[in-house]
Amino acid sequence: MAALVVLAALVAWPVGLLIWANGLLQHTPALSGAPDTPGTTYLLAGSDARGEEGGIAEDGTEGQRTDTILLLHVPSSGPTALISLPRDTYVDVPGHGGSKLNSAFAWGGAPLLVQTVEGLTGLTVDHYAEIGMGGVARLVDAVGGVNLCYDGDVDDPDSGMVWAAGCHDVGGGAALAFARMRKADPQGDVGRALRQRQLIGAVMGEVSPRSLAFDPGAQVSLVEAGTGALTFDEDAGVLDVARLALAFRDANGEGGITGTPPIASLDHRPGGIGSTVLLDPDLTPAFFTAVRDGTLPPGEQGGAPS
C-alpha cells in the first residue's frame, strides 16, 4: 500500500504541475491566420515596455519597444534554425510602408509584428512568445545564475553593463544589462542580438530535467518566474511552450543553425527614419526558403558584411 501511495504521488505531481502551469500562462492576440507553411515557426520578441516593473525607466517614449526579435523554425526535416532579426531591419510594415522592424511592434503590438515578419520571411508564424525584459532577471535568478562571456571591457551607463573581458557567473541584474547593451558593442544591434541569444541559451542550459525531477521547489520557482515573464499567443498551451524550449535547445546545439539573414548594410539610410539594417535583397529570399525547407547546413549563418 505504501508503494502504491508513492507511485500515485510520483504520477500526480507532474500532472498537477502541468495543469497548474497551463493555468498560469498569459496570452495575447498575435497570430494572423495566414495559411500554414511547412514545419513549425515560432516568433520570440523581447519587450521593453516603459515603466514595466524591473524594466527600463520612463523616458518619454510612447508604446512598447522590442530589442529582441528571434525567428525559430523547426522544418519537416533538417536542422532547426534560430535566426536573429535585427530590430532596425528595414522592412515593409503593412499599412505603414517602409520602416524599422521594431516600429511594427510599437505601432501594432504582436499582431502587426507577426504580419510584418511573415511578409519578410514567407513563413507563417505558428506560435508567438513575448518576454518582458524585466522578467529576464527573475528567470536568471530562478535558475541560480548563468555564465556569460563577452570579449571586451565594458562600462556602459545606458545599459548598466560593467564588464571585464572574459566569462563570468552573473545574477539577474547583470544578465539584464548584458542583454541590453548596444552602444558599446562594435557590432551594435547585431552584437546585442548575439548576446541575447547567448543569455537565453545559458538560462536553458541551467534547466536540467534530471535535477528538476527531484526538486519540486525548483520546479515551482521556475514555472512562476517563466509564466510571470512570458506572454504567449492565443492558441499556445504549456506543451507548445515545452516544444518551443526543446526547439531552442536544438537550434543552439551542434546540429542546429543560428545567425542572421544575409546583411548588405548596417547603416542604410532610406530617409526620415535614421540608420537601418538593410538585408541583402538578392540573397535573403533564398535564405528564408532554405530555412523553411531545412536545407541550410548546420552552424552560424549570415551575419554583418565584412
Side-chain angles (χ1 to χ4, degrees), residues 30-46 66-87 89 91-92 101-102 104-105 110-131 189-190 193-194 196-201 203-205 230-263 277 279-281 283-303:
L31 305 181
S32 69
D36 287 340
T37 49
T40 303
T41 303
Y42 304 89
L43 181 63
L44 294 78
T66 177
D67 289 330
T68 312
I69 305 171
L70 301 173
L71 188 79
L72 176 62
H73 182 71
V74 183
S76 301
S77 64
T80 298
L82 179 66
I83 306 301
S84 297
L85 303 177
R87 67 168 194 168
T89 300
V91 295
D92 180 63
L101 180 56
N102 74 341
F105 191 73
L112 188 57
L113 180 63
V114 166
Q115 292 177 47
T116 303
V117 169
E118 289 178 339
L120 172 67
T121 66
L123 293 166
T124 295
V125 173
D126 297 293
H127 288 294
Y128 170 85
E130 179 183 313
I131 181 168
D189 193 30
V190 173
L194 294 174
Q196 289 168 342
R197 210 168 63 222
Q198 180 189 158
L199 172 57
I200 298 172
V203 170
M204 297 190 67
L230 291 157
T231 300
F232 299 93
D233 63 84
E234 61 270 42
D235 292 343
V238 70
L239 292 180
D240 296 306
V241 177
R243 294 186 187 103
L244 185 157
L246 291 174
F248 195 99
R249 181 167 290 176
D250 288 343
N252 281 283
E254 290 185 5
I257 295 168
T258 58
T260 70
I263 295 173
V277 174
L279 302 185
D280 191 306
L283 300 179
T284 296
F287 173 83
F288 283 119
T289 297
V291 168
R292 180 197 68 194
D293 296 340
T295 56
L296 281 177
E300 188 77 15
Q301 298 291 333

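Just so it is clear, the model here is predicted, and its values are computed rather than measured. In what follows, every heavy atom counts, from backbone to side chain, and hydrogens, waters and symmetry copies are set aside.
Closest approach of Pro79 and Leu296 over heavy atoms only: CG-O, 3.3 Å. Leu244 approaches Ala129 most closely through the heavy-atom pair CD1-CB, 4.1 Å. Heavy-atom minimum distance, Val91 versus Leu101: CG2-CA, 3.8 Å. Of all the heavy atoms in Phe287 and Pro261, the pair that sits closest is CE2-CA, 3.7 Å. Considering all non-hydrogen atoms of both residues, Ala251 and Leu72 come closest at CB-CD1, 4.0 Å. Ile257 and Pro297 make their closest contact through CG1-O, 3.5 Å (heavy atoms, listed as atom of the first residue, atom of the second, distance).
Atoms CD and OG, from Gln301 and Ser84 in turn, are 12.5 Å apart once rounded to the nearest 0.5 Å. Summarising the geometry, atom CZ belonging to Arg249 is positioned 13.5 Å from atom CG belonging to Leu82; distances are rounded to the nearest 0.5 Å. Here CG of Leu279 is found 6.5 Å from CZ of Phe288. Values are rounded to the nearest 0.5 Å. The line from CG of Asp92 to CD of Gln115 is 11.5 Å long, rounded to the nearest 0.5 Å. Atom CG of Asn102 sits about 7.0 Å away from atom OG1 of Thr66, to the nearest 0.5 Å. To the nearest 0.5 Å, the span separating CZ on Phe105 from CG on Leu112 amounts to 10.5 Å.
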>> Run Gln196 and Leu199 through side chain to side chain contact (heavy atoms under 4.5 Å, CB included) and show every step you take.
In response: CA-CA 5 Å; Gln196 289 168 342; Leu199 172 57; 5.6 Å; no

> Please walk me through it: do Leu31 and Glu234 pass side chain to side chain contact (heavy atoms under 4.5 Å, CB included)?
Replying inline: CA-CA 8 Å; Leu31 305 181; Glu234 61 270 42; 3.9 Å; yes

> Given Asp240 and Arg243, is the side chain to side chain contact (heavy atoms under 4.5 Å, CB included) satisfied, shown in steps?
Replying inline: CA-CA 5 Å; Asp240 296 306; Arg243 294 186 187 103; 3.2 Å; yes

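At least one donor-acceptor pair closer than 3.5 Å links the side chain of Thr37 to the backbone N or O of Thr124. Judged by distance alone, the side chain of Thr89 and the main-chain N or O of Pro86 form a donor-acceptor pair under 3.5 Å.
Between Asp36 and Asp126, some side-chain heavy-atom pair lies under the 4.5 Å cut-off. Side-chain contact between Glu254 and Pro298 is absent, with no heavy atoms from C-beta onward closer than 4.5 Å.
For the pairing with His73, the side chain to side chain contact (heavy atoms under 4.5 Å, CB included) check across Leu43, Asp293, Thr41 returns one residue only, Thr41. Tested against Ile69 for a side chain to side chain contact (heavy atoms under 4.5 Å, CB included), the candidates Thr116, Leu113, Leu44, Ile83 yield a single pass: Leu113.
Side-chain contact check for Thr258 and Glu300: at least one donor-acceptor pair (N or O, by modelled atom type) lies under 3.5 Å.
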